[in-house]
Amino acid sequence: MDFKDQINIIERGVSEIVPDGGLAAKLKKVSEEKRPLIVKLGADPSAPDIHLGHTVVLRKLRDFQRCGHKIFFLIGDFTGMIGDPTGKSKTRKPLSREEVELNAKTYEKQIFKILDPDKTEIVFNSSWNAPMRFEDVLKLTSKYTVAQMLERDDFSKRYHAGDGITITEFLYSLIQGYDSVVLKADVEVGGTDQKFNLLVGRSLQREYEIDPQICLMMPLLEGLDGVNKMSKSLGNYIGIDEPPNEMFGKVMSISDEMIIKYFTLLTDVPSKDIQKMEEDMKGGTNPRDIKVKLAKEIIKTYYPEEMAHQAEEEFNRVFAKKELPDEIPEYHVGEKEVWVIKLLTDSGLSTSNSEARRLIQGGGLYIDNERVQDDKLVIECRNGMIIKAGKRKFLKLKV
RNA sequence: GGGGAGAUUCCCGAGUGGCUAAAGGGGGCAGACUGUAAAUCUGUUGGCGCAGCCUUCGAAGGUUCGAAUCCUUCUCUCCCCA
């Protein structure tokens, strides 16, 4: 593949490349050396459940693989075992060897839904960090200055605001950067929030007389709320392991403004087609229809295409036509007569009686398509009775 | 080593003796509307078979008819000076 094609593929969706135009030079260099690019990605060992936000970067790695390059998927288990104090959040509890290994397995299973295993090598930074002697660490710390550290916006703000910064936090950046030295990375990929760390890697490589890596930053993907970065802790994510129906619904719940960004970062739809959709929407095409396309494209990357269609049908049935879903979980009731509130709580539709009461008072409970408004109601259960709590929770009773 | 600030419900953040299950915002949930689990608007947001009761304001004690609010001790966070 010639450089131009490679660059086109690689630059899609990218937020920034440092240095500007450095990619072409690197490509030229490695092709002269008759070897693939070594592309590094550092992963947090404590969050092994991958969601679409993570896939933005993974898909970029896959782009590199399609151009014939090699990926080092680095699991930062060394840092993980110490416990990462990043930011203001309380120190995370250190991960044990077993946990790290378990998480690594999960990673493997999930990343290969996107990456090509033949061109991927999973490495652990503990394998070279753990044996380091204190003097090695000192040598490393001598390569970077406090002033350089304070260039990082986050550090600088916290420093001037008088918030604490631990030395460990400084060291984390160095450790990550040192990984690039060890791997002799040509390119490091990361989110825009990782820019500083990636640049540290670049500087350190220069200090250790290695040709400095290209830093390639991908935009952060906003989650379902359209505002915050997609993350598990905020609950605004779409997990890569989620069933198609769930994915479909969640994609449909993103705000209209996010559609184009999701297309660019999460699908293989060609850029010119995406542009056309953007124009269509401006021209009055219903964003809903474009979003349906998006949802199907995303599902297609993780499941057979057929399931994407099924998810669409299901969605239309349940939400557009307000009919019943295809499959409704069954709940076995012990007695014939049950107080509604108890039923809701026991079956898990609500977490407490009070919540169940609120649901009823808010008009969100339907039994056999009839709204229930009496929270004292005692139901006479029949086989096949349908309980609908809110928009998307259904239950079929079994006596 | 010395001095100071603070810890409130899922989160942020008001509240300095009763009217406080605790303002406001965020988030969540529900309803209406719709083109969708978009947007917007409205309601709701500790628990309990709930016109009542019980438990919450870092922890433990104490003062008081009555405490998130006052006192004592403790734990933890942060800042300033050295």
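Keep in mind that the numbers below use all heavy atoms, side chains included, and drop hydrogens, waters and symmetry copies. Below, read A as the first sequence line, B as the second, and so on, with proteins coming before strands; counting in each chain starts at 1.
At the heavy-atom level, A/F315 lies under 4.0 Å from base atoms of the strands shown. As judged by a 4.0 angstrom heavy-atom cut-off over every strand, A/I254 is placed among residues touching the sugar-phosphate backbone only.
Atoms NZ (A/K250) and P (B/A38) sit 14 Å apart, rounded to a whole Å. One can place CG of A/D256 at 12 Å from C1' of B/U40, the figure rounded to the nearest angstrom. Whole-Å rounding puts the A/L224 CG to B/U36 C1' distance at 13 Å. Counting to the nearest Å, the C1' atom of B/A37 and the CD atom of A/E312 are 15 Å from each other. Atom CD in A/E314 sits about 14 Å away from atom P in B/A37, given to the nearest Å. Following rounding to the nearest Å, A/E257 (CD) and B/U36 (P) show an atom-to-atom distance of 17 Å. As a whole-Å value, the separation of A/F394 CZ from B/A37 C1' is 12 Å. Distance A/Q361 CD to B/G49 C1': 14 Å, rounded to the nearest Å.
Side chains of A/E188 and A/Q194 form no contact here, defined as non-hydrogen atoms less than 4.5 Å apart. The closest side-chain heavy-atom distance from A/L349 to A/Y331 is not below 4.5 Å.
Across every strand in view, B/U16 sits unpaired, with no contact that passes the Watson-Crick or G-U test at under 3.5 angstrom. Across every strand in view, B/C53 sits in a pair with B/G47 that passes the Watson-Crick or G-U test at under 3.5 angstrom. Of the nucleotides present, B/U40 is the one that pairs with B/A32 by Watson-Crick or G-U wobble criteria, both distances under 3.5 Å. Across all strands shown, B/A68 forms no Watson-Crick or G-U wobble pair with both distances under 3.5 Å. Nucleotide B/A5 forms a Watson-Crick or G-U wobble pair with B/U77, both donor-acceptor distances falling under 3.5 Å. For B/C10, the paired nucleotide is B/G26, the pair qualifying as Watson-Crick or G-U wobble because both relevant distances are below 3.5 Å.
Nucleotides B/A30 and B/C79 are separated by 44 Å at their C1' atoms, to the nearest Å. Between B/U63 and B/U16, the two P atoms lie 24 Å apart (nearest whole Å). Remark: the separation of the P atoms in B/G6 and B/A51 is 42 Å, to the nearest Å. Distance check on atom C1': B/G47 versus B/A21 gives 10 Å, rounded to whole Å. Comparing the same atom, P, in B/U55 and in B/G66 gives a spacing of 15 Å after rounding to whole Å. When the P atom is compared between B/A5 and B/C11, the two are found 26 Å apart, to the nearest whole Å. With both ends at atom C1', the span from B/U8 to B/U56 equals 10 Å, rounded to whole Å. Rounded to whole Å, the separation between the C1' atoms of B/A82 and B/U73 comes to 29 Å.
With sequence neighbours excluded, the residues satisfying ring-ring contact (aromatic ring centres under 6.0 Å, His included) with A/F73 are A/Y107. Under the ring-ring contact (aromatic ring centres under 6.0 Å, His included) criterion, A/F64 pairs with no residue at all, not counting sequence neighbours. Residues that satisfy the ring-ring contact (aromatic ring centres under 6.0 Å, His included) test with A/Y178, not counting sequence neighbours, are A/Y208. A/E242 pairs by the salt bridge (Lys or Arg N to Asp or Glu O under 4.0 Å) definition with A/K250, not counting sequence neighbours.
Within the structure, every side-chain polar atom (N or O) of A/S253 is placed at least 4.0 Å from both OP1 and OP2 of B/A38. Here A/R288 reaches the OP1 or OP2 of B/U36: one of its side-chain N or O atoms lies under 4.0 Å away.
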Between the protein and nucleotides 26-33 of chain B, are there any N/O to N/O pairs under 3.5 Å, and if so, what are the atom names and distances?
unit_1	atom_1	unit_2	atom_2	d
B/A30	O2'	A/G362	O	2.8
B/G31	O4'	A/G362	O	3.3
B/G31	O3'	A/R371	NH2	3.1
B/A32	OP1	A/R371	NH2	3.4

With the criterion being N/O to N/O and under 3.5 Å, what pairs connect the protein with nucleotides 50-54 of chain B, and how long is each?
unit_1	atom_1	unit_2	atom_2	d
B/C50	N3	A/R357	NH1	2.7
B/C50	N4	A/S354	OG	3.2
B/C50	N4	A/R357	NH1	2.6

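Screening A/K293, A/K300, A/K291, A/K296 against A/E312 for a salt bridge (charged side-chain N to carboxylate O under 4.0 Å, His left out) leaves a single residue, A/K296.
Of the candidate nucleotides B/A37, B/G49, B/G35, B/A37 has the atom lying nearest to any side-chain atom of A/E246. Side-chain atoms of A/P287 lie closest to B/G35 of the nucleotides B/A37, B/G49, B/G35.
Nearest heavy-atom pair across A/P36 and A/D186 is O-OD2, 4.3 Å.
Enclosure of atom CD in A/E135 by more than 12 non-hydrogen atoms of other residues, nucleotides or ligands within 6.0 angstrom is indicated.
A donor-acceptor contact closer than 3.5 angstrom is absent between the side chains of A/N125 and A/Q176. Side-chain contact annotation: A/Q6 with A/H69, donor-acceptor N/O pair under 3.5 Å present.
When the nearest nucleotides of RNA chain B are assigned to A/S352 and A/M252 by heavy-atom distance, the more 5′-ward of the two goes with A/M252. Between A/F319 and A/L377, the residue anchored closer to the 5' end of RNA chain B is A/F319, taking for each the nucleotide with the nearest heavy atom.
Put simply, A/W339 rests on the base of B/G49: the two rings are less than 5.5 Å apart at their centres and nearly parallel, under 30°.
For the pair A/K396 and A/F394, the cation-pi criterion (under 6.0 Å, within 45° of the ring axis) is not fulfilled.
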